[in-house]
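We name chains A, B, ... by the order of the sequence lines, and we start the count at 1 in each one. The structure displayed is predicted, hence computed values, not measured ones. Keep in mind that the numbers below use all heavy atoms, side chains included, and drop hydrogens, waters and symmetry copies.
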Amino acid sequence: MPAFQTSPGMRDILPADSARWRRLNGVFAEVVEAAGYGQIITPLLEDIGVFTRIGDATDVVTKEMYAFEDLGGRQVALRPEMTAAVCRSFAQHRPTVPWKVWYTGSNFRYEKPQRGRFRQFDQVGVEVLGVDDANLDVEVIALASEFFQRLGLRRVKLIVNSLGEPEDRARYVEALAEHFEQCDLSEQSRATLTKNPLRVLDSKREQDAGAIATAPKISEFYSAEAAEHFATVCAGLDRLAIDFEVEPTLVRGLDYYRRTIFEFQGATLDSAQNALGGGGRYDGLVEALGGPATPGIGFALGVDRTLLACEDEGVFASDDRRLDAFVVDVVGGGAAVEVTAELRAAGLAGDRGYDNRSMKAQMKLANRSGAAFALIVGEDEDANNTVVVKPMARDAGEQQTIPRTDLISHLQHELRNLR
RNA sequence: GUGGUCAUAGCUCAACAGGUAGAGCACCAGGUUGUGAUCCUGGCGGUUGGGGGUUCAAGUCCCCUUGGCCACCCCA
C-alpha cells in the first residue's frame, strides 16, 4: 500500500522490460533510417487547435484529450497522436518535399485502461509529406511490414482499403447512412450513425452483422482516379510479395484519412485490442492546419501492443543482461574503485559490490549479475597489487591470480575465448 | 463513459459454515574464520487497498470509496 502509485493507465517500464522497448525502437530506427527517413522530435504539448482544428469528430479529440490552460492562459493539450503534430511542424517550417520523417514517443488519451490500452502509450511511426504517388503508399506499408519481419514477428495480418477521394467518400457516407437508417441496428451503433456512419462498419456486435454485410461497398463509389490509385497500391504490394487482404469495412479511427488506409493486426493476440498499428493518406491535413495544400501519408504502430505480440510469438528468447565482470571488494579500499574504473574505461561492462558486505554476499551478487568473471580484491591481492579472476560459469576452469597491470588484457583475452 | 470481476508479505497464492493470518519464491544471516550457482538451519517481512456498519468476535457478511483486470465503447 504505497502512498503513491502510478496514475491509472500509466505505468513504469522497469529494466527487465525496457530492454525490449529499446530493442524495438532500435530495429524500427534501423529500418526507416535505411529508407531515407529522418527522426523528428516534437513537443508533448501542443496548442489544442492542432488537434481540434482538423475537425475530427472522433472520441480521441472530442472526449479523451488531456487539455488544460497553461499559466500563460494558452489552451494546450498533451498530444493524443503524432500525425497532426508532424503536420503542424511541416506547416511551421516548410521543409522541401518530399519530407520523410519518423518518430517514437508517448501519446496521451484519457480512456479506460484495459489490456493493450493505456492512457500514456508509445508509438513508433513515419510520415511523408508532399508526395502523391501511389508507389509511396506501397513503400510506407512495406516499411511497417519489414519492421515486423525484422523484429521476428511472423503472424501479423495486413488489411488495406481505400476510402476514395473526399467526394467519393462523401457520397459513400451518404449512401451508407441511408442504408443503416433502415436497419435494425444496436443502440450503440444507432448513436454512432448520427456521428459518423463509416464507423458503424467497425461494430463488433452480432446484432449489426447483417446490416454491415448488406451495406453498400465503398468500391462502388470510387472515382476513376481513386480506383487507379488503389489498384496501383495493391499491385505494388503484390510485386513485393507482401501478403494483404482488401477489407471493405476497414475505416480506421481518425476522420482525416483519404484514399489508402491500412491496419496491422496481431493474429496471435487474444485480446480485443488486436490492432498493432495502422495508417493511411491524409491529404488535406496540412492545409487544415494553415499550411499549403500538401498530400501526406503515414502510419503509427503501438509499441505496447507490438511488444505483446512479440511476447505471444516468443520473439525474445534470451534477453538477460550480461556483465563482463563483477568486482568483489573485500577490503573496502581504493583498489576495487580503481579496478572497476579501469574495467569501464576499457569498454568492459562491469559492476561491483558495495558496503563492505561479506565475500559470500558479494559472490552471490556477482552470480546474480550474470557476470562472466568475478574479480576478487582481498587483503593479499590489495597488498600484492593483484586480482583474483574467477570464471563464474560452471565448467569454466580454475580461478587465477593476475597482476593488476595485466588485468585488462587478460580479461579481454579470456572474454574473446568465451565467444 | 457503461458493465462484470477482483484486491491478504516485495512476488504467486492459502486460511472449512465469521473465532483473531500461513506457505512457496525472493531477500538477509549462519552452516563453510577469503569464494557464487546446490543443500540445510534461522531471520526479516502484513493496522488482510482505504473508510464506515452488523456482531461477543470480520481477511471472511453489508454499504461507500480507491485501484487492478476483462469486456463494451474507442483505438495504438
Side-chain angles (χ1 to χ4, degrees), chain A residues 1-11 14 56-64 80-83 104-125 144 186-189 191-192 195-196 199-200 202-207 250-255 263-266 269-279 299-309 326 328-331 353 355 357-371 373-382 388-396 398-399 401:
Chain A
M1 310 111 254
F4 295 105
Q5 53 185 320
T6 49
S7 192
M10 314 224 167
R11 68 251 197 264
L14 302 178
D56 206 296
T58 56
D59 289 357
V60 171
V61 288
T62 56
K63 301 196 299 205
E64 299 175 353
E81 55 125 355
M82 294 288 282
T83 304
T104 176
S106 291
N107 299 294
F108 302 83
R109 295 179 192 172
Y110 195 85
E111 294 188 279
K112 190 137 177 177
Q114 66 184 72
R115 181 171 164 86
R117 188 170 81 181
F118 304 94
R119 287 181 178 173
Q120 176 177 350
F121 62 100
D122 271 52
Q123 291 182 326
V124 294
S186 65
E187 197 183 324
Q188 292 100 319
S189 285
T192 305
K195 288 186 296 186
N196 185 344
R199 226 158 326 109
V200 175
D202 254 349
S203 168
K204 283 173 251 172
R205 288 171 291 275
E206 271 180 39
Q207 191 187 341
L250 175 66
V251 295
R252 297 290 307 150
L254 297 157
D255 288 342
E263 182 169 304
F264 292 90
Q265 297 177 345
L269 282 190
D270 179 27
S271 155
Q273 314 296 332
N274 70 340
L276 299 182
F299 65 72
L301 311 177
V303 171
D304 311 281
R305 292 183 189 178
T306 303
L307 251 18
L308 276 179
F326 189 97
V328 173
D329 178 14
V330 188
V331 292
D355 287 340
R357 294 182 61 191
S358 72
M359 183 175 220
K360 177 169 175 158
Q362 291 192 57
M363 284 304 295
K364 285 177 92 156
L365 290 177
N367 184 53
R368 215 183 296 154
S369 77
F373 296 95
L375 307 184
I376 303 169
V377 182
E379 298 285 354
D380 297 348
E381 292 75 21
D382 193 29
V388 167
V389 176
K390 173 172 176 134
M392 295 300 283
R394 213 170 268 280
D395 48 1
E398 294 301 305
Q399 65 185 40
T401 303

Heavy-atom closest pair, residues [X] and [Y]:
| X | Y | value |
| --- | --- | --- |
| A:Ser189 | A:Val200 | O-CG2, 3.8 Å |
| A:Glu381 | A:Gly378 | OE1-N, 2.9 Å |
| A:Gly116 | A:Arg305 | O-NE, 2.7 Å |
| A:Ser106 | A:Asp122 | OG-OD1, 2.6 Å |
| A:Phe121 | A:Pro80 | CZ-O, 3.9 Å |
| A:Phe373 | A:Pro391 | CD2-CA, 3.7 Å |

Calculate the interatomic distance between [X] atom [atom1] and [N] atom [atom2]; express it in whole Å.
| X | N | atom1 | atom2 | result |
| --- | --- | --- | --- | --- |
| A:Lys112 | B:U66 | NZ | P | 11 Å |
| A:Asp59 | B:C75 | CG | P | 6 Å |
| A:Met82 | B:C75 | CE | P | 19 Å |
| A:Arg115 | B:C6 | CZ | P | 20 Å |
| A:Asn107 | B:C74 | CG | C1' | 15 Å |
| A:Arg117 | B:G68 | CZ | P | 13 Å |
| A:Asn274 | B:C70 | CG | C1' | 15 Å |
| A:Gln5 | B:G50 | CD | P | 12 Å |

[N] to [M] separation - [atom1] atoms, rounded to the nearest Å:
| N | M | atom1 | answer |
| --- | --- | --- | --- |
| B:G22 | B:U48 | C1' | 12 Å |
| B:U2 | B:C64 | P | 15 Å |
| B:G19 | B:A57 | P | 14 Å |
| B:A76 | B:A29 | C1' | 49 Å |
| B:U12 | B:A17 | C1' | 28 Å |
| B:C28 | B:C16 | C1' | 36 Å |
| B:C63 | B:A21 | C1' | 25 Å |
| B:G68 | B:G59 | P | 25 Å |

Hey, does the side chain of A:Gln114 come within less than 4.0 Å of B:A71's phosphate (OP1/OP2), counting only N and O?
yes
Considering just the side-chain nitrogens and oxygens of A:Arg199, establish if one lies under 4.0 Å of OP1 or OP2 belonging to B:C75.
yes
Is [X] touching bases, backbone alone, or none of the nucleic acid, heavy atoms closer than 4.0 Å?
| X | value |
| --- | --- |
| A:Gly353 | nothing |
| A:Lys63 | nothing |
| A:Arg357 | sugar-phosphate |

Do the non-hydrogen side-chain atoms of A:Glu81 and A:Val61 ever get within less than 4.5 Å of each other?
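The answer is no; the side chains never approach within 4.5 Å.
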Taking the side chain as every heavy atom from C-beta outward, state whether A:Asp329 and A:Gln362 have any atom pair closer than 4.5 Å.
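Heavy-atom side-chain distance check passes, below 4.5 Å.
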According to salt bridge (charged side-chain N to carboxylate O under 4.0 Å, His left out), who are the partners of A:Arg117, at least two apart in sequence or on a separate chain?
A:Glu111
State the dot-bracket string of RNA chain B. Criteria: Watson-Crick or G-U wobble, both atom distances under 3.5 angstrom; notation: ( ) intrastrand, [ ] crossing earlier pairs, | interstrand, . unpaired.
(((((((..((((.....[..)))).(((((.......))))).....(((((..]....))))))))))))....
Does A:Glu263 make a side-chain donor-acceptor contact with the base of B:A76, cut-off 3.5 Å?
no
Any N/O donor-acceptor pair, A:Arg109 side-chain to B:C74 base, under 3.5 Å:
no
Going from CZ on A:Arg199 to CG on A:Asp59, what distance comes out if it is rounded to the nearest 0.5 angstrom?
7.0 Å
Protein within reach of the bases, or only the backbone? For nucleotides 30-36 of chain B, mark each nucleotide 5' to 3' as B, S or -, using heavy atoms under 4.0 Å.
-B--BBB
Can A:Arg119 be said to sit on top of A:Phe108's aromatic six-ring, NZ or CZ under 6.0 Å from centre and within 45° of the ring axis?
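No, cation not above the ring by the 6.0 Å, 45° rule.
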